[in-house]
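The structure appears below as structure tokens.
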Amino acid sequence: MQTAIPFMQFRGGSSKGVYFLASDLPQDEKLRDRVLLAIMGGSDPAQIDGLGGAHPLTSKIAVVSRSNRPDTDVDYLFVQAVVGEDRVDVTPNCGNILAGVGPFAIETGLVKATADETLVRIFMVNSSNRCELRIKTPGGQVEYQGEARIDGVPGTSAPVICNYKDLAGSACGSLLPTGNIVDVVDGIEVSCIDNGMPVVVLRARDFGISGYESAGEMNANTELKARLESIRLQLGPKMNLGDVAKKVVPKMSLIAPAVNGGHVCTRTFIPKVCHTSIGVLGAVSVATVCIMPGSVAAGIANVPSGNQKHLSVEHPSGEFSVSLDVGGTVARPEVLNAGLLRTARLLSKGVTYIPETLWRGK
Ligand code: NQM
């Protein structure tokens with residue numbers, strides 16, 4: 001016998017995830033996580049017995065509920081099912097999967113479409129940050145087709161405009177979690193940041209590489225990966241993340257001067273596999289390091305002037321544009337708002353099954 005659980009599957013930005021109403025899952029968190037792991041395919045690296053796609057970018061889950069807060073409509077918990085391991089990680093956020101939360105909230109009736117465009121105000125449970133999404137809803141229906149293009153995704157779709165409100169210290173408690181703009185670990189200078197995503201920014205050249213290698217070449221470089229992991233494990237406690245051996249943060253972003261007309265070039269490990277593009281909040285965090293005086297990005301990133309900064313973050317499959325609304329002082333800039341463009345598409349909906357021995361359902 002099996003238990004049927006309603007779900008929808010969306011491509012959110014350049015990731016793919018399985019979306020649930022919190023009310024369709026067990027309320028006990030440990031049981032909920034076991035159920036979610038079973039749905040994705042358990043600890044098998046191929047996730048052959050579940051809906052997961054056997055890659056960190058396609059092994060993602062959103063758990064959504066109506067928000068009790070006055071300034072948000074829905075609460076969104078992001079859950080990463082760690083590929084090849086029998087566990088989930090709820091430490092980080094995911095801004096790509098978040099792009100699908102707006103359409104999901106409207107499709108499930110949690111938010112009513114208002115006009116040609118509907119504002120969905122989201123509370124991100126993982127980090128207690130807010131984000132507002134603008135979703136195209138002509139005739140009260142979510143519009144998925146459109147002309148917006150994002151790198152890492154073939155074709156075009158309707159735009160999902162994302163405005164992040166208060167990102168600093170999302171998981172680490174502060175923007176510069178070590179208290180320094182530059183730290184030195186294993187002889188390498190790094191800048192640790194958390195503006196929505198904990199990220200360690202490093203210069204590619206300090207590892208004897210150009211930073212323009214393909215994601216495949218990066219993944220094949222076992223010596224580089226071992227050096228990055230050594231630095232990551234030492235920085236975890238200093239970034240207030242504790243022992244990060246089993247966490248998917250901090251991400252490790254290698255930077256080099258832009259080569260395709262952008263402002264900085266990146267290769268980001270998430271944290272053990274090189275991203276084929278870059279995560280949303282990962283890109284916001286890297287862009288934030290670029291505007292901080294004295295960071296490892298000085299002399300590498302070419303930062304536009306003014307308080308409204310549009311930064312193009314290059315990555316292995318194109319670029320990611322981030323608009324930063326900057327306040328604070330020249331020495332200590334603060335990002336007041338981060339705006340970016342994503343797209344999302346409903347891929348499937350229905351019920352997924354787990355063994356009844358695991359959970360008998362509601
Ligand atoms: O940084 C990848 C992705 C992500 C997360 C990762 C993300 C973000 O591309 O907000 O979107 O860094 O694990 O979906």
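Start at 1 and go down the list; that is how both ligands and their atoms are numbered. Atoms considered below: every heavy atom in the structure, side chains included; atoms not considered: hydrogens, waters and symmetry mates.
Neither side chain, Ser277 nor His315, offers a donor N or O lying under 3.5 Å from an acceptor on the other. Of the N and O atoms on the side chains of Gln47 and Ser59, at least one donor lies less than 3.5 Å from an acceptor on the other residue.
For ligand 1, the protein residues within 4.0 angstrom (heavy atoms only) are Ser15, Leu57, Lys60, Cys94, Gly95, Asn96, Met197, Lys251, Ile270, His275, Gly279, Val280, Leu281, Gly282.
Between the CG atom of Leu224 and the CZ atom of Phe269 there is a distance of 5.0 Å, given to the nearest 0.5 Å.
A tilted orientation is assigned to the rings of Phe7 and Phe20, their planes being inclined by 30° to 60°.
Geometric assessment of Arg345 against the ring of Tyr144 yields a negative cation-pi assignment under the 6.0 Å and 45° thresholds.
Judged purely by atom type and a 3.5 angstrom limit, Asn126 uses its side chain to pair as donor or acceptor with the backbone of Pro92.
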